[in-house]
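Written below as structure tokens is the structure these notes are about.
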Amino acid sequence: DTGVSQNPRHKITKRGQNVTFRCDPISEHNRLYWYRQTLGQGPEFLTYFQNEAQLEKSRLLSDRFSAERPKGSFSTLEIQRTEQGDSAMYLCASSLSWSSDEQYFGPGTRLTVT
Amino acid sequence: AQKVTQAQTEISVVEKEDVTLDCVYETRDTTYYLFWYKQPPSGELVFLIRRNSFDEQNEISGRYSWNFQKSTSSFNFTITASQVVDSAVYFCALSENSNTGKLIFGQGTTLQVKP
């Protein structure tokens with residue numbers, strides 16, 4: 001069990017550029033979550049996958065954001081036409097099967113939009 | 001609407017002191033789950049405990065203990081004989097009985113333990 005991994009750990013981009021983050025969950029986990037955390041705040045839910053199906057998206061997830069989980073393994077989160085307000089830590093978490101199972105978090109990707 | 005409030009923004013204690021972190025939640029569900037996570041300076045959230053709404057027994061794990069009181073909608077966390085390594089941001093979170101399992105986090109309490 002190597003835990004949840006995320007790449008890259010840090011990303012600096014200019015406003016208007018597209019960025020993509022990757023999350024590799026714990027291998028036997030069916031559920032995968034994306035959260036966003038800004039400085040001094042708790043994480044906020046963005047979206048959730050059960051295997052390859054994206055079953056819920058937060059209103060925080062504007063049209064510029066898209067997430068995928070092909071084959072129900074790793075997931076990618078893409079932000080198009082980045083804005084300074086997108087600067088945050090993007091966290092990925094995975095859990096076994098049930099909605100009540102504890103979620104295990106990755107180290108996050110820190111995005112800075114200049 | 002569901003909400004988690006951690007009223008203490010920052011707490012500073014001296015090593016070996018006991019410290020309690022408060023968490024108050026709001027939900028309309030009768031079945032829900034409560035969690036505590038630790039976020040050390042390295043940034044990775046570490047799972048500490050999960051509690052379901054039907055289990056009000058207090059729990060102790062080493063120097064950590066949790067007090068769940070449904071009557072006051074609180075799920076407080078106590079660290080006994082604090083250590084410098086306990087310095088971190090601690091988050092309380094709520095998950096309602098939905099298929100999603102998404103977590104609603106409080107704003108966190110920053111605990112500083114001084115030697």
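Convention: sequence-line order gives letters A, B, ...; per-chain numbering from 1. Small disclaimer: the values here were computed from a predicted structure and weren't measured.
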How far does [atom1] of [X] sit from [atom2] of [Y], to the nearest 0.5 angstrom?
| X | Y | atom1 | atom2 | value |
| --- | --- | --- | --- | --- |
| B/Phe47 | A/Ser95 | CZ | OG | 11.0 Å |
| A/Leu91 | B/Glu44 | CG | CD | 9.5 Å |
| B/Gln39 | A/Met89 | CD | CE | 7.0 Å |
| A/Glu102 | B/Leu48 | CD | CG | 11.5 Å |

Measure the shortest side-chain to side-chain distance between [X] and [Y] over non-hydrogen atoms and say whether it is less than 4.5 angstrom.
| X | Y | result |
| --- | --- | --- |
| A/Gln41 | B/Phe91 | no |
| A/Pro43 | B/Leu45 | yes |
| B/Phe105 | A/Phe45 | no |

Any chain of hydrophobic side-chain contacts (each under 4.5 Å) joining [X] to [Y]?
| X | Y | result |
| --- | --- | --- |
| A/Leu60 | A/Phe65 | yes |
| B/Val4 | B/Tyr33 | no |
| A/Trp34 | A/Val113 | yes |

Between [X] and [Y], what is the shortest heavy-atom contact and its length?
| X | Y | answer |
| --- | --- | --- |
| A/Arg9 | B/Ser42 | NH2-O, 4.5 Å |
| A/Ser100 | B/Phe35 | O-CZ, 3.9 Å |
| A/Tyr33 | B/Thr100 | OH-O, 2.6 Å |

Under a 4.5 Å heavy-atom cut-off, does chain B meet the side chain of A/Gln103, its backbone, both or neither?
both
A/Arg31 versus chain B, heavy atoms under 4.5 Å apart: side chain, backbone, both or neither?
side chain
Please check if the side chain of B/Tyr37 supplies one atom and the backbone of A/Phe105 the other of a donor-acceptor pair under 3.5 Å.
no
Are there over 12 heavy-atom neighbours, none belonging to [X], within less than 6.0 Å of that residue's [atom1]?
| X | atom1 | value |
| --- | --- | --- |
| A/Glu68 | CD | no |
| A/Arg15 | CZ | no |
| A/Leu55 | CG | yes |
| B/Lys70 | NZ | yes |
| B/Lys38 | NZ | yes |

Select one option (side chain, backbone, both, neither) describing which atoms of B/Ser95 are under 4.5 Å from chain A's heavy atoms.
side chain
